[in-house]
Amino acid sequence: MKSNLRLYLLLASLGVFLQSCDFLFGSREDETVDEVFEQGRIDPNLIPENVGYVPIFPYWEGFDQPRDVYVGYDEMVYVIDNRGVNILDRKGELHRTINIPNAGKVVQSRQMHTYVTGRADVEVGGQMFNLAAVYRILGASTSGTPEIIDTLIHPFADASRNNTSFRPNDDPQVEFTGVTTLADNTLYVSRKGPRNDLTAISRPDNTILIFNNAGENTGHTSGLNPVTSNLRSVLDVGGIASFAAPPQSLGGFSTSGDFLLVQQSPQAEYKVLWIKRVIDPETGIRFEENANLVQFDFTRADRFLYEPNRFKKPSDVYVATDAQGYIFVVDAQKDSLYQFTRSGAEGVNPPPNSPDTKNIIVSFGGSGNGPFQFNEPSGVCYHRRVVYVADKGNNRIARFKLSTDLE
């Protein structure tokens, strides 16, 4: 009886969650929407003979330098451009734009809170300063009026700065460059800036700040090096991604505190890093490198995530949370999209009965506006086997699907 009761309560809770989605623009039950979203228009002339990504047309256009794209737990598509946060349905139709000054990156928590990096004008000591900020928005995709319920502003959101004065020359140079959330709604915010004195009382500017779901700063990624390149450094971080991402799942949802970051500093030899969060009963939480990724298995693949100087200027990273578990990276300087497995090997496993024994490389790109080309790609995400790329210089959102996933 107790087991049946628990099952009943679980199903009832799921029903309440699904009913709450009726407030969203459109309906996820629309068969036409599902068909367009899942398939789009595939050009048979662009399907590779072996395995590779295929563009889904039409590409979504009309944006003003889109620099991030994200599909939320509400299954709406969030596109950041010069106008702010554009909220689209799965057909690509725009339903709302929320003006966020200098919006950069976007993510959504399991609470349906939408976080956007930007800037805010703040008066300090009688002077106005433009400072890094993270806006928390409630009801971004609902039929009601969205509300900004919290704004995290540097340096006031950093608990280590409570006893240090404002730095008028340095603090306006600080940027919040990425946001991601964990399964428990913990928020990670990547930060970069000019002050990185390891002997100072306050934290270095180059770090990842940690906030609980109430917006309180609970710590930072101590142990990551803000000045020297290594396998656990934080040099000029341009994006960050956790292992918790939509769609919502009743089972198998990752509770890992690990994350990936991209470094854009020319000093960084390894520009995409997997940082592990380790909880030690005696010493507490520490952050360290994923040493497994430097062990290349050339019997399985020819290219790897941790090859030195593999990237030029990676602008974003995303981790797929489905069974494939792919890692996606876009490089704004090489105008390319890269795909890796969780082991760090580039490519996908060969299909059954394939003569190939190694991973098949499916990364692609090149400068231009063709279906497989990009112009400064700046954001990437993955949802239900579709890859979305914010193609900044071409003012479009490009979508792709593996040829082996086509029905």
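Because the structure is predicted, anything quoted here is derived from the model rather than measured. Start at 1 with the first residue, then count along the sequence. Just so you know, these numbers use all the heavy atoms, side chains as well, and skip hydrogens, waters and symmetry mates.
For N394 (side chain) and R396 (main-chain N/O), no donor-acceptor pair under 3.5 Å exists by modelled atom type. Judged purely by atom type and a 3.5 angstrom limit, S160 has no side-chain atom pairing as donor or acceptor with the backbone of S202. Looking at S363, its side chain does come within 3.5 Å of a backbone N or O of Q339 through a donor-acceptor pair.
Note that R303 lies outside the cation-pi zone of Y338, set by a 6.0 Å cut-off to the ring centre and a 45° limit from the axis.
Using a 4.0 Å cut-off between a side-chain N of Lys or Arg and a carboxylate O of Asp or Glu, K105 and D316 qualify as a salt bridge. With salt bridges taken as basic N to acidic carboxylate O contacts below 4.0 Å, none links E175 and R191. The residues R310 and E346 are annotated as salt-bridged, a charged nitrogen and a carboxylate oxygen being separated by less than 4.0 angstrom. The residues D302 and K358 are annotated as salt-bridged, a charged nitrogen and a carboxylate oxygen being separated by less than 4.0 angstrom. Comment: D64 does not engage R83 in a salt bridge, judged by the lack of any side-chain N to carboxylate O separation of less than 4.0 angstrom. Classification of K392 and E376 as a salt-bridged pair holds, one side-chain N sitting under 4.0 Å from a carboxylate O. A salt bridge is absent between K313 and D331: the closest approach of a Lys/Arg side-chain nitrogen to an acidic carboxylate oxygen does not fall below 4.0 angstrom.
F129 and F166 have their aromatic ring centers within a separation under 6.0 angstrom. Ring centers of F372 and F364: under 6.0 Å apart, within the cut-off.
Ring planes of F296 and F304: parallel class, angle under 30° (limits at 30 and 60°).
For the side chain to side chain contact (heavy atoms under 4.5 Å, CB included) criterion with L337, the lone passing option out of V362, V387, V329 is V387. If you run side chain to side chain contact (heavy atoms under 4.5 Å, CB included) between V69 and each of D81, V389, V79, N86, only V79 comes through.
Within the 4.5 Å cutoff, side-chain heavy atoms of H154 are placed close to those of D205.
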